[in-house]
Amino acid sequence: MDQENKAMQAQQAYDTLCAALDEWGWKYKKEEEKLIVRFGATGNDLSTSFVVLMDADRQLVRLLGFLPFEMAEDKRVEGSIATNFANYKFADGSFDYNFSNGKIVWRMTSSFRDSLVGAQLFQYMIRCSCSTIDKYNDQFLAISEGKLSLADFIEKNS
Amino acid sequence: MADEKDLVQAKITFDTLCEMLDERGWHYKKFDEDFSIECGAQGDDLPMDIRMEVDAERMLVALYSKLPFSIPEDKRVEVSLAISAINYTMVDGCFDYNFMSGKLLFRLTTSFRDSMISTAALSYMLSVSCGTIDEYNDKLFMLIKGAMSLEDIIKAANE
């Protein structure tokens with residue numbers, strides 16, 4: 001697929017996403033030149049900032065959710081084991097974990113390569129991401145703060 | 001439970017998947033009853049078993065590949081850190097690692113909810129997965145055998 005077609009398809013997907021967000025009444029910031037939208041969401045406990053971008057080159061919708069804390073230095077190994085353990089249960093999406101700085105980022109992607117993508121796809125991605133992050137973010141924070149042991153996390157999520 | 005409309009869409013997606021595989025000359029086993037296929041690929045080093053499923057309830061196409069070795073207990077922490085380093089550099093797909101059992105698999109998904117997925121998208125899933133698995137399966141095997149260090153894996157992932 002040539003670059004022009006790729007760019008057009010990415011723009012189409014981006015327009016569908018923005019139209020969907022408008023229809024649902026979501027507040028978001030648009031960075032049209034980069035085909036990015038940014039928004040925040042607060043679950044039961046913690047807030048998460050989200051970025052959704054249309055990657056024209058790879059022809060992917062890329063949703064990233066940035067958890068609002070870093071794993072404490074003395075809990076970095078636990079953070080790796082816990083995020084991997086959580087990921088093993090998922091049908092879609094994953095927590096990416098940076099051992100060096102303790103940052104946790106939720107990632108979910110879907111391809112629009114040569115495909116027509118509808119509004120409900122974006123609704124699914126956002127809803128699934130919000131509920132999964134909401135389920136786990138306070139647990140990861142509790143591990144970091146020493147309030148939840150790794151063994152208890154594994155038992156709770158087995 | 002998937003409704004009839006979802007099942008119809010899943011069937012269309014499954015047919016598109018099989019069409020893609022046929023067009024590209026892949027040999028595969030077809031399981032119509034659960035909209036899945038199994039095939040294999042040989043990379044540079046280790047063989048790759050691939051399973052692709054069209055999940056009518058979740059409206060997802062999922063590709064799974066179990067790595068052909070388990071992680072021994074004394075290497076489980078190291079591998080966890082390696083997997084975290086590898087996954088953090090990925091744009092699409094991830095290695096799923098069960099610390100308790102030592103099992104490792106690669107997973108990549110795409111949604112067909114409210115969407116028409118093309119053969120090109122499904123072909124992309126297969127080629128990216130094979131490329132990524134082939135890149136790392138031997139490195140992870142060498143890590144557990146002590147032939148490669150965690151630092152080597154982290155360096156390779158960041159290149």
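These numbers come from a predicted model, not from an experiment. Chain identifiers are assigned alphabetically (A, B, ...) following the order of the sequence lines, protein sequences preceding nucleic acid strands; residue numbering begins at 1 within each chain.
Residue-environment remark: CZ (R127(A)) stays at or below the threshold of 12 foreign heavy atoms within 6.0 Å. The neighbour count for M142(B) CE, taken as heavy atoms of other residues, nucleotides or ligands under 6.0 Å away, is above 12. Counting non-hydrogen atoms of neighbouring residues, nucleotides and ligands closer than 6.0 angstrom, the NZ atom of K135(A) reaches no more than 12 such neighbours. No more than 12 heavy atoms of other residues, nucleotides or ligands sit less than 6.0 Å from atom CD of E73(B). More than 12 heavy atoms of other shown residues, nucleotides or ligands fall within 6.0 angstrom of atom CD in Q42(B). Surrounding NZ of K75(A) are more than 12 heavy atoms belonging to other residues, nucleotides or ligands, all under 6.0 Å away. More than 12 heavy atoms of other residues, nucleotides or ligands sit less than 6.0 Å from atom CZ of R76(A). In this structure, K75(B) places its NZ atom where more than 12 heavy-atom neighbours from other residues, nucleotides or ligands lie under 6.0 Å away.
Here the side chains of Y88(A) and L104(B) are not in contact, with every heavy-atom distance at 4.5 Å or above. Residues V117(A) and S115(B) have side chains in contact (heavy-atom distance under 4.5 Å, counting atoms from C-beta outward). Contact annotation: the side chain of V91(B) approaches that of R58(A) to within less than 4.5 Å [non-hydrogen atoms, C-beta and beyond]. The shortest side-chain heavy-atom distance between S84(B) and F99(A) does not fall under the 4.5 Å cut-off. Taking 4.5 Å as the limit, every side-chain heavy atom of D114(A) sits out of range of all side-chain heavy atoms of Y124(B).
Of the atoms belonging to M59(B), not a single heavy atom falls under 4.5 Å from chain A. Of the two parts of A62(B), neither the backbone nor the side chain holds a non-hydrogen atom closer than 4.5 Å to a non-hydrogen atom of chain A. The parts of F90(A) that come within reach of chain B are both its backbone and its side chain, each placing non-hydrogen atoms under 4.5 angstrom from that chain. In this structure, chain A has a heavy atom under 4.5 Å from the side chain of L60(B), while its backbone stays farther away.
Of the listed residues (D55(A), L121(A), I154(A), V61(A)), the greatest number of heavy-atom pairs within a distance under 4.5 Å of chain B belongs to L121(A). Interface check for chain A: of the options Y64(B), Y88(B), F95(B), the most heavy-atom pairs under 4.5 Å are formed by Y88(B). Ranking V77(B), I83(B), T89(B), D55(B) against chain A, the residue ahead of the rest is I83(B), based on heavy-atom pairs under 4.5 Å.
A donor-acceptor contact shorter than 3.5 Å is absent between the side chain of T110(B) and the backbone of S110(A). Side chain of R107(B) to main chain of G93(A): a donor-acceptor pair is present (N/O by atom type, distance under 3.5 Å, no hydrogens or angles). When atom types are taken as modelled, the side chain of S118(B) and the backbone of R113(A) share a donor-acceptor pair closer than 3.5 angstrom. Side chain of D114(B) to backbone of A119(A): a donor-acceptor contact under 3.5 angstrom is found. N84(A) places a side-chain N or O within 3.5 Å of a backbone atom of S80(B) that can act as its donor or acceptor partner. Without hydrogens or angle criteria, R107(A) side chain to C94(B) main chain gives no donor-acceptor distance under 3.5 Å.
In terms of heavy-atom proximity, R113(B) sits nearest to Q120(A) at CD-O, 3.5 Å.
A side chain to side chain contact (heavy atoms under 4.5 Å, CB included) with N87(B) is found for one member of D96(A), V105(A), T83(A), N98(A) and no other, namely D96(A).
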